[in-house]
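One structure is given here, and the rest of the page talks about it.
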Amino acid sequence: MGGASTKLTRGKTRRLVFILGDQLNRDSAVFDGHDPATDLVFMAEVSAESTKVKSHKARTTLFLSAMRHFRDQLRSDGLRLDYLEFDADGNPGTLDGALALAIGRHKPAEIVVCEPGEHGIAVAIESAARREGVALRFAPDRHFLVSSEEFAAFARGRKSLRLEHFYRPLRAKFGILMDGKEPVGGQWNFDHDNRGAFGKEGPGLLPAPTAFSPDKLTKAVIALVQKQFPEHPGDLSQFDWPVTRDQSLMALDDFIAHRLPHFGRYQDAMWTGQPWLYHSRLSAALNLKLLDPREVVARAEEAYRSGQACLASVEGFIRQIVGWREYVNGLYWYFGRDYRESNGLAAERPLLPLFEDPQCTRMHCVRSIVQDVQDRSWVHHIPRLMVLSNLALIAGVNPQEFLQWMRERFIDAADWVMVPNVIGMGVHADDGRMMTKPYAAGGAYISRMSTYCKGCVYDPKKRVGDTACPFTTLYWDFLARHREHFAGNHRIAQQLHGLDRLSDLTDVREQAVELAFMRRENGI
Ligand code: SF4
């Protein structure tokens with residue numbers, strides 16, 4: 001994204017600093033050299049950002065509440081600010097419309113915006129500035145450790161973009177969990193220690209994450225969201241997300257002290273009725289930039305160095321933050337705008353009704369998890385990947401419909417997060433540009449990693465018959481359907497060979513055809 005230099009005019013607003021709803025960091029590059037005497041901050045609540053994907057009520061509440069708290073902080077810091085509230089007279093409801101309104105009001109010599117985290121937003125801002133004839137400069141987003149240019153330099157010319165090849169040099173460059181030139185503990189990756197399931201006894205007494213009861217300002221936003229978006233998905237009765245930097249730091253403290261020590265071992269485990277387990281619940285605050293990934297990583301490393309948490313837990317968590325999170329952001333920009341339209345497996349089934357209404361399915365895992373998403377706008381990465389995305393993948397749901405659903409429902413669903421995670425990792429729609437093999441699994445995986453199957457009418461071991469687990473049936477059908485497509489892929493060869501051992505493959509495929517017509521009335 002380029003910018004244009006400008007000859008600044010004295011006597012009116014010199015710079016209009018436009019802050020987007022997910023750019024709530026006080027140390028953003030847009031504040032470099034900020035002079036409240038001549039510079040003005042502009043923020044706008046616009047309905048289009050909640051309706052272009054029909055956002056979960058909690059997601060809209062989080063954005064608006066965090067924006068209003070940030071506005072108050074900037075004012076108390078002495079900055080001049082124009083804040084366009086959602087229901088203000090004349091609010092045009094779009095980002096470019098709001099920007100045009102602000103340009104008309106303040107006649108700035110220059111607009112400064114931090115690089116947005118979504119392709120379409122940069123384009124909308126650019127065209128508004130062009131239309132109004134005002135110079136625009138995109139300031140670099142310093143939130144990420146790796147810029148899009150640095151990622152492109154890493155990725156260019158590589159045959160495969162493996163996380164590990166990206167993560168290790170990053171650790172070394174920033175001195176994260178390093179002893180000189182070597183990784184602490186003599187190895188880079190403790191992945192094999194991070195796949196534990198809870199035994200029969202379960203996770204035991206879990207430390208509940210710190211809850212942040214809505215204050216007066218958040219309560220007003222909740223009332224606004226209930227009134228403006230009654231038909232949007234989700235429930236606000238449990239809204240307790242951190243909405244300020246101070247609260248986000250408290251949430252970080254809470255995670256480091258109470259859940260990080262067990263995070264690594266159980267990060268892939270699921271347990272009925274326990275959505276949080278040992279997860280950090282920091283992704284929303286990080287994506288709003290209320291937290292900086294460097295401080296989060298430093299706190300985790302400190303916990304290891306002081307003996308508060310073991311290396312496998314700390315490395316597993318750090319890999320999520322400076323490994324996966326940075327990698328996904330880099331891929332989003334590297335793959336470009338058209339990547340989201342990929343459909344390499346030609347999956348054309350419409351979104352299954354159970355994603356909209358969890359009560360219409362008897363699949364216990366899916367019903368519980370979709371209900372959790374409805375209640376909290378969040379579940380951790382394994383239900384997202386191995387239950388929701390896995391079902392969309394093996395059932396052949398259209399990737400763009402599923403992406404839209406994921407963007408709508410999750411509190412942390414920034415475009416840069418969701419596009420690679422869904423298109424590349426979740427439903428393998430990109431012909432393997434991101435991941436070398438699809439994350440397809442039958443009921444056995446869910447049974448091993450959770451307690452859902454105990455309360456289910458289906459049997460994860462069965463692939464045909466009335467009590468056959470739809471995951472198991474669809475898993476084998478998926479492999480059979482795409483056998484040719486994956487024929488040369490050695491990473492999935494063992495799974496494909498499994499097809500040859502199935503004496504009932506014809507029956508499985510017939511049953512999968514019946515499942516293909518998943519409708520409310522047959523309870524799937
Ligand atoms: Fe889910 Fe199948 Fe287990 Fe039921 S049996 S909970 S559908 S994996």
Side-chain angles (χ1 to χ4, degrees), residues 24-28 141-146 163-164 166-196 203-212 241-269 276-329 380-381 412:
L24 308 182
N25 45 337
R26 196 62 180 84
D27 56 358
S28 164
D141 185 356
R142 296 195 295 232
H143 173 82
F144 293 99
L145 280 76
V146 178
L163 170 67
E164 213 54 34
F166 171 74
Y167 168 64
R168 293 180 188 188
L170 204 61
R171 285 248 317 261
K173 177 177 174 185
F174 290 95
I176 297 165
L177 279 182
M178 299 295 292
D179 274 341
K181 290 187 172 172
E182 297 302 317
V184 167
Q187 62 188 79
W188 293 98
N189 188 317
F190 291 80
D191 212 17
H192 59 277
D193 296 329
N194 293 162
R195 294 184 189 143
L205 205 56
L206 287 161
T210 302
F212 301 95
W241 292 91
V243 292
T244 65
R245 173 154 170 80
D246 284 349
Q247 289 182 345
S248 303
L249 287 169
M250 285 165 68
L252 173 60
D253 286 347
D254 171 62
F255 167 66
I256 298 286
H258 300 119
R259 296 192 304 288
L260 176 62
H262 297 289
F263 168 80
R265 183 165 177 203
Y266 297 119
Q267 65 171 292
D268 285 5
W276 308 119
L277 295 167
Y278 293 105
H279 287 262
S280 73
R281 215 170 84 115
L282 297 174
S283 55
L286 272 162
N287 292 357
L288 294 183
K289 304 188 179 130
L290 293 169
L291 289 175
D292 187 291
R294 295 160 193 81
E295 68 189 335
V296 172
V297 163
R299 290 293 312 280
E301 178 161 357
E302 195 181 294
Y304 164 68
R305 304 257 182 207
S306 65
Q308 247 184 303
C310 69
L311 184 54
S313 264
V314 171
E315 191 281 322
F317 179 67
I318 285 178
R319 185 155 18 100
Q320 295 285 341
I321 305 294
V322 296
W324 191 252
R325 190 169 181 271
E326 296 282 336
Y327 173 70
V328 157
N329 181 58
H380 73 72
H381 63 269
D412 49 14

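Computed from a prediction, not measured in an experiment: that's the story for all the values here. These values consider heavy atoms only, across backbone and side chains, with no hydrogens, waters or symmetry-generated copies.
Taking W324 as the reference, N421 meet the side-chain hydrogen bond (donor to acceptor under 3.5 Å, both in side chains) condition, with sequence neighbours excluded. For Y304, there are no side-chain hydrogen bond (donor to acceptor under 3.5 Å, both in side chains) partners two or more places apart in sequence or in a different chain. E326 pairs by the salt bridge (charged side-chain N to carboxylate O under 4.0 Å, His left out) definition with nothing, not counting sequence neighbours. For H262, the side chain to side chain contact (heavy atoms under 4.5 Å, CB included) test picks out Y266, Y278, with sequence neighbours left out. In this structure, the side-chain hydrogen bond (donor to acceptor under 3.5 Å, both in side chains) partners of R325, at least two apart in sequence or on a different chain, are H143, N287. D253 meets the salt bridge (charged side-chain N to carboxylate O under 4.0 Å, His left out) test with R299; sequence neighbours excluded. Q320 pairs by the side-chain hydrogen bond (donor to acceptor under 3.5 Å, both in side chains) definition with Q267, not counting sequence neighbours. Shown here are the side chain to side chain contact (heavy atoms under 4.5 Å, CB included) partners of S28, two or more places apart in sequence or in another chain: N25, V30, F31, C114. Remark: Y167 engages no residue in a ring pair (Phe, Tyr, Trp, His ring centres under 6.0 Å) (not counting sequence neighbours). H381 is linked by a ring pair (Phe, Tyr, Trp, His ring centres under 6.0 Å) to H279, counting only residues two or more places apart in sequence or in another chain. Residues passing the side chain to side chain contact (heavy atoms under 4.5 Å, CB included) test with A251, sequence neighbours excluded: F212, P242, L282.
For the pair D292 and R142, the salt-bridge criterion is not met [side-chain N within less than 4.0 Å of a carboxylate O]. Between K289 and D141 there is a salt bridge, since a side-chain N of the basic residue sits under 4.0 Å from a carboxylate O of the acidic one.
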Indicate every side-chain donor-acceptor pair of residues 176-186 with a distance under 3.5 Å to a residue at least two apart or in another chain.
none

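Under the 30°/60° scheme for interplanar angles, the aromatic rings of F166 and Y327 are found to be tilted.
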